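Numbers here are sequence positions counted from 1. Please read these numbers as outputs of a predicted model, since none were measured by experiment.
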Amino acid sequence: MIDFNMKLASISRDKKIQFDDVLISPKLSNINSRKEVLLDTIVKFPNSQISWKGIPIMASNMDFVGTFEMGIALQDFNMPTAVSKFYSPNDWVNAIDHGLDFDFNFMTFGLDSIKKIHEYFDFIYKKKSQLPKSIVFDIPNGYINSFHSLISDTRKEFPKLGIMAGNVVTPDGVAKIMDSGADGVKVGIGSGSVCSTTNVTGIGYPQMSAVLECCEEVSKFSGFIISDGGVRSSADIVKAYAGGSGFVMIGSLLSGHTEGLAPLVSKDNKPFRQLYGMSSSEAMLKHYGGVEDYRASEGISVLIEDKGDVKNTVTQMLGGIRSACTYIDANNIGEISANSQLIRI
């Protein structure tokens with residue numbers, strides 16, 4: 001029996017903001033040309049003691065984005081990919097044979113078991129004498145206890161393995177995941193372009209506020225966050241860095257490319273490629289046989305006009321970030337946060 005004389009829900013009175021609610025004010029700069037900006041930066045993993053170097057823009061582990069082909073293309077730019085969790089160990093071996101680099105390609109797991117992680121690692125090591133250097137744990141709700149236990153068990157089993165895990169959007173969620181042994185926390189619920197969690201459940205958090213508040217908390221652990229969701233342009237990537245993000249994960253910006261392997265669909269005599277959220281009915285039908293009776297679809301499917309080779313999009317994206325750096329006297333991505341004055345609009 002439900003007791004309706006319970007305490008009423010609390011409400012936050014301060015306004016929460018999205019990327020579109022802020023701009024970055026320019027300042028006097030000693031950088032005379034975009035050519036002077038070096039985007040490679042170092043991200044330190046506090047628990048595994050890894051010092052990762054590259055451009056910390058991470059392709060999402062979504063279908064038609066986090067493919068091996070995308071990973072191989074992006075590693076040429078020193079950019080990482082969270083590779084889809086639906087590849088088999090043998091798929092990984094074949095990808096390594098084709099040049100996939102573990103420095104820039106992170107294996108993704110969901111709410112799995114230590115046994116499964118061992119199976120993947122052991123198979124790959126037996127075949128290639130290589131092991132993943134970092135992994136990403138990705139589930140929609142990073143607040144559940146069994147998820148924290150999985151992170152903790154993984155840290156104990158693999159003390160030198162880089163671990164990034166999420167998703168959460170609040171400081172207490174960040175603290176719990178870092179306490180469990182992660183190096184970085186993936187931040188974002190309801191902000192993705194093909195995520196409908198907020199519409200279906202009423203749960204979510206404006207991404208700019210989530211970044212600012214979670215970065216403040218993760219700094220207490222010397223960790224970092226991965227801002228995941230809400231990015232529609234290179235400007236949003238810069239704003240995520242300005243808020244303190246270590247990595248920025250992008251999905252829709254990298255969708256529609258040849259490397260994503262989405263089949264071409266003709267519409268109005270133009271070529272399109274599909275993109276859908278990983279909690280959508282399309283994703284659950286493909287990977288699990290359908291949507292179980294006890295749950296609802298929390299993602300949508302859209303058609304993206306074919307963008308061709310991802311190189312063109314990446315070049316434009318990185319050019320926008322370099323340009324932003326010249327406006328705020330930032331020599332690299334690592335200096336964007338300290339050199340940024342965010343203004344609300």
Contacts of Asn332 meeting side chain to side chain donor-acceptor pair (under 3.5 Å) (sequence neighbours excluded), chain-then-number -> none

To the nearest 0.5 Å, tell me how far Asp172 CG sits from Cys214 SG. 8.5 Å

Do Met208 and Leu342 come within less than 4.5 Å of each other through their side chains, counting heavy atoms only? yes

Apart from Ile343 itself, which Ile, Leu, Val, Met, Phe, Trp or Tyr residues share its cluster (side-chain heavy atoms under 4.5 Å, direct or through members)? Leu23, Ile345

Do the side chains of Ser60 and Leu254 get nearer than 4.5 Å, heavy atoms only? no

Considering residues, nucleotides and ligands other than Glu216, do more than 12 of their heavy atoms fall under 6.0 Å from its CD? no

Expected output: side-chain Ser149 to main-chain Asn145 donor-acceptor under 3.5 Å: yes

Would you say Val310 and Phe272 are hydrophobically clustered, going by side-chain heavy atoms of ILVMFWY under 4.5 Å? no

Not counting sequence neighbours, which residues clear side chain to side chain donor-acceptor pair (under 3.5 Å) with Asn47? List them please. none

Between Asp183 and Arg155, does the salt bridge (Lys or Arg N to Asp or Glu O under 4.0 Å) criterion hold? Intermediate values first, please. CA-CA 10 Å; Asp183 296 289; Arg155 171 56 66 210; 2.9 Å; yes

Starting from Phe224, walk the hydrophobic network (Ile, Leu, Val, Met, Phe, Trp, Tyr; side-chain heavy atoms closer than 4.5 Å) and list everyone else you reach, by chain and number. Val43, Phe45, Ile50, Trp52, Met58, Phe104, Phe106, Val136, Met164, Ile226, Phe247, Met249

For Leu28 and Asp329, run side chain to side chain contact (heavy atoms under 4.5 Å, CB included): C-alpha distance rounded to whole Å, both residues' side-chain angles, the deciding distance at 0.1 Å, then the answer. CA-CA 7 Å; Leu28 295 175; Asp329 198 32; over 6 Å; no

Is Phe121 reachable from Phe86 through a run of hydrophobic residues whose side-chain heavy atoms are each under 4.5 Å from the next? no

Only pairs at least two apart or in different chains count here, so list each salt bridge (charged side-chain N to carboxylate O under 4.0 Å, His left out) that has a residue in residues 8-29. Asp14-Lys16, Lys16-Glu213, Asp20-Arg232

Here the salt bridge (charged side-chain N to carboxylate O under 4.0 Å, His left out) pairs for residues 301-310, sequence neighbours left out, are Arg273-Asp306

Strictly by modelled atom types, are Asn312 and Thr315 linked by a side-chain donor-acceptor pair under 3.5 Å? no

Measuring only between side-chain heavy atoms, which start at C-beta, is Gln274 closer than 4.5 Å to Val265? no

Which residue pairs pass the salt bridge (charged side-chain N to carboxylate O under 4.0 Å, His left out) test with at least one member in residues 125-139, sequence neighbours excluded? Asp97-Lys128, Asp103-Lys133, Asp138-Lys186

Under a 4.5 Å side-chain heavy-atom rule over Ile, Leu, Val, Met, Phe, Trp and Tyr, are Ile225 and Ile163 clustered together? yes

Is there a donor in the side chain of Glu335 and an acceptor in the side chain of Asn339, or the other way round, less than 3.5 Å apart? no

Heavy-atom side-chain contact between Leu131 and Phe158 under 4.5 Å: no

Residues two or more places apart in sequence or in another chain: which of them pass ring pair (Phe, Tyr, Trp, His ring centres under 6.0 Å) with Tyr120? Phe109

Enter the distance from Ser227:OG to Asn167:CG here, rounded to the nearest 0.5 Å. 9.5 Å

Filter on ring pair (Phe, Tyr, Trp, His ring centres under 6.0 Å), then keep only pairs touching residues 311-345, sequence neighbours left out; what's left? none

Looking at CD of Glu259 and CD of Glu69, how far apart are the two atoms once the value is rounded to the nearest 0.5 Å? 8.5 Å

Working for side chain to side chain contact (heavy atoms under 4.5 Å, CB included), residues Asp236 and Ile250: CA-CA 10 Å; Asp236 293 335; Ile250 54 176; over 6 Å; no

Would a 4.5 Å heavy-atom cut-off, applied to side chains only, mark Val187 and Val218 as touching? no

I want to check something: taking the side chain as every heavy atom from C-beta on, are Val248 and Pro56 in contact at a cut-off of under 4.5 Å? no

Determine, stepwise, if the pair Asn141 / Ile203 fulfils side chain to side chain contact (heavy atoms under 4.5 Å, CB included). CA-CA 10 Å; Asn141 179 3; Ile203 305 297; over 6 Å; no

Looking at Val83, is its backbone amide N or carbonyl O close enough to the side chain of Thr108 to form a donor-acceptor pair, meaning the two atoms are under 3.5 Å apart? yes

Output yes when a side-chain donor or acceptor of Gln207 lies under 3.5 Å from a complementary backbone atom of Ser191, and no otherwise. no

Note: with side-chain heavy atoms under 4.5 Å as the link, the other cluster members for Leu264 come out as none

Quick one: pull up CG in Leu253 and CD1 in Ile57 and give me the separation to the nearest 0.5 Å. 9.5 Å

Between Ser234 and Gln316, is any side-chain donor less than 3.5 angstrom from a side-chain acceptor? no

Quick one, Ile321 and Ile55 - any side-chain contact, counting heavy atoms below 4.5 Å? no

Can you check ring pair (Phe, Tyr, Trp, His ring centres under 6.0 Å) on Tyr125 and His118, steps first, answer last? CA-CA 10 Å; Tyr125 189 77; His118 265 298; over 10 Å; no

At what distance, to the nearest 0.5 angstrom, does CD1 of Ile96 lie from CZ of Phe68? 8.0 Å

According to the salt bridge (charged side-chain N to carboxylate O under 4.0 Å, His left out) rule, which pairs have a member within residues 30-43, sequence neighbours left out? none

Can you pull out every ring pair (Phe, Tyr, Trp, His ring centres under 6.0 Å) where at least one residue sits in residues 127-147? Sequence neighbours excluded, please. none

Run Met62 and Phe64 through side chain to side chain contact (heavy atoms under 4.5 Å, CB included) and show every step you take. CA-CA 6 Å; Met62 300 166 68; Phe64 307 139; over 6 Å; no

Below 4.5 Å, heavy atoms only, C-beta onward: do Val238 and Ile328 meet side chain to side chain? no

Under a 3.5 Å cutoff, is there a donor and acceptor pairing between the side chains of Ser88 and Asn90? no

